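To start, the structure itself, in structure tokens.
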Amino acid sequence: MEQYIIRGGNPLAGEVEISGAKNAALGILAAAIMTDDTVLIENLPDVRDINVLLEAMESIGVRVERITRHAVMMNSENIGEVSVDYDYIKRIRASYYLIGALLGKYKKAEVPLPGGCNIGSRPIDLHIKGFRALGAKVDIRNGFIVAQADHLRGSHIFLDTVSVGATINIMMAASMAEGYTIIENCAREPHVVDVANFLNSMGANIKGAGTDVIRIRGVQKLHRTEYSVIPDQIEAGTFMFAAAATKGDITVKNVIPKHLEATTAKLLEIGCEVEEFDNAVRVVASKRLCSTNVKTLPYPGYPTDMQPQIGVALALAKGTSIVTESIFENRFKYMDELTRMGAVVRVEGNTAIITGVEKLSGARVSAPDLRAGAALVIAGLAADGITTIDDIVYIQRGYELFDEKLRSLGAEIEMVHSEKEAQKFRLRCG
Ligand code: EPZ
């Protein structure tokens with residue numbers, strides 16, 4: 001079983017290139033099947049979630065050609081069926097984006113109902129509400145979502161909860177519905193905007209993405225396009241907090257600083273220096289961090305996907321901090337692991353009260369989910385001694401070459417495949 005093994009204590013310093021945004025790329029890949037023309041997508045992150053979605057698309061007849069490690073050419077004129085195999089949705093929830101895309105283009109779709117995951121129950125009732133509002137008949141049968149429509153007609157849809165997935169899925173289906181659709185209370189994340197821009201580059205007519213009201217005039221056909229995915233602001237934020245927690249000096253390159261505003265604001269609050277450039281941000285942490293309070297919110301609020309990263313940094317800060325997780329109901333599991341490294345934390349419902357300590361100590365911990373796993377790597381980099389992290393498959397879902405990028409910043413981290421390899425690392429690093 002692969003593990004990361006880390007000898008902590010080195011301040012991380014240097015520059016790191018940020019990959020394409022996983023959560024934008026997942027929606028864009030699904031939307032790409034809505035044309036029969038060939039589509040070129042660049043700046044894809046080479047991560048497990050993307051590669052599994054590409055496999056799922058090939059399984060229904062999409063022709064996928066890898067041009068480079070980060071670019072694919074796709075053609076969907078020969079999609080044979082609209083039923084996605086359970087094995088794919090078990091491995092990646094975002095396969096459910098294929099419902100909106102298939103329903104929009106073929107007026108039918110059959111995709112396994114995604115299970116919950118480690119951070120919460122993850123319902124998709126709002127997705128289904130939107131598809132039904134557009135005129136689709138949607139049933140849950142034998143664990144599948146079966147959606148069908150003679151015609152999709154524009155509608156006025158109000159999302160009860162701000163939902164990235166529902167906004168993107170409904171936007172895709174509506175882009176090929178007859179007439180005009182208004183979606184209210186939309187998610188405003190950069191990846192929602194990126195999917196809308198991608199659809200518009202194929203000839204869709206979508207306005208207002210990035211605000212809470214998206215207006216769509218349906219079109220009959222979508223055409224070829226070449227498109228480059230935006231940089232991943234969560235990967236960037238993760239490295240920014242690695243600088244904060246290790247008293248380092250890291251410049252994240254190939255980013256859009258505007259997408260990082262909430263993260264930057266918190267880093268300044270806890271005592272880091274942050275310098276913004278056109279497509280880079282530099283974070284310097286020269287002294288012990290200060291405590292603060294943070295509440296996760298939909299964009300442009302502080303991102304839930306950055307909650308574990310700030311939780312780790314605050315575990316080392318001077319004073320007591322309060323972290324409130326308002327999006328998901330089970331996103332503090334990493335705090336148990338952090339406590340084993342010496343953190344002083346009390347979790348009460350969706351709030352964590354963190355009393356900062358001077359130092360964490362290395363331990364063997366397990367990654368409970370993608371972002372918490374990355375945060376535990378940050379904890380290991382900051383801690384004294386050796387930290388071993390199990391279940392790193394979660395981390396590999398969303399971080400490309402994570403250990404390699406960290407080593408380029410001076411981290412002593414390796415991916416090991418056996419106890420023997422781990423022993424070698426310990427002997428080498430003392
Ligand atoms: C996306 O998940 C991201 N995943 C998540 O990132 C991210 O944490 C989340 O948005 C919030 O920003 C992808 O983009 C692939 P939501 P999504 O629908 O779309 C409730 C990562 O680390 N809800 O915005 O599933 C839901 O329970 C992952 O990369 C409903 O009630 O999240 C939650 O409380 C983790 N009914 C809230 O909305 C619905 O039909 C926000 O969820 C849909 C959602």
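Keep in mind it's a predicted model, so treat the numbers as computed, not measured. One is the number of the first residue; the rest follow in order along the sequence. As a basis for the values below, the full set of heavy atoms in this structure was taken, side chains included, without hydrogen atoms, waters or symmetry mates. First listed ligand is number 1; within each ligand, the first listed atom is number 1.
For R69, the CZ atom sits in a packed shell: over 12 heavy atoms of surrounding residues, nucleotides or ligands are nearer than 6.0 Å. Residue N142 qualifies as open at atom CG: its count of foreign heavy atoms under 6.0 Å is 12 or below.
With salt bridges taken as basic N to acidic carboxylate O contacts below 4.0 Å, one links D139 and K137.
A donor and an acceptor atom, one from each side chain of T251 and E15, are nowhere located under 3.5 Å apart.
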Check ligand 1 for N or O atoms under 3.5 Å from a protein N or O and list each pair with its distance.
| residue | atom | partner | partner atom | Å |
| --- | --- | --- | --- | --- |
| ligand 1 | 2 (O) | R122 | NH2 | 3.3 |
| ligand 1 | 6 (O) | N23 | ND2 | 3.4 |
| ligand 1 | 6 (O) | D305 | OD2 | 3.0 |
| ligand 1 | 8 (O) | D305 | OD1 | 2.6 |
| ligand 1 | 8 (O) | D305 | OD2 | 3.4 |
| ligand 1 | 18 (O) | S163 | OG | 2.7 |
| ligand 1 | 19 (O) | G165 | N | 2.8 |
| ligand 1 | 22 (O) | R371 | NE | 2.8 |
| ligand 1 | 24 (O) | V164 | N | 2.7 |
| ligand 1 | 25 (O) | Y96 | OH | 3.2 |
| ligand 1 | 25 (O) | R122 | NH2 | 3.0 |
| ligand 1 | 29 (O) | K22 | NZ | 3.0 |
| ligand 1 | 29 (O) | N23 | ND2 | 3.0 |
| ligand 1 | 29 (O) | R371 | NH2 | 2.9 |
| ligand 1 | 34 (O) | I327 | O | 2.6 |
| ligand 1 | 36 (N) | D125 | OD1 | 2.7 |
| ligand 1 | 40 (O) | P123 | O | 3.4 |
| ligand 1 | 40 (O) | D125 | N | 3.1 |
| ligand 1 | 40 (O) | D125 | OD1 | 3.3 |
| ligand 1 | 40 (O) | L126 | N | 2.7 |

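Applying the ring-ring contact (aromatic ring centres under 6.0 Å, His included) definition to pairs two or more places apart or across chains, those involving residues 222-251 are F198-Y227, F239-F402.
In this pair, F131 and H127 present their aromatic rings perpendicular. The plane angle is above 60°, beyond the 30 to 60° band.
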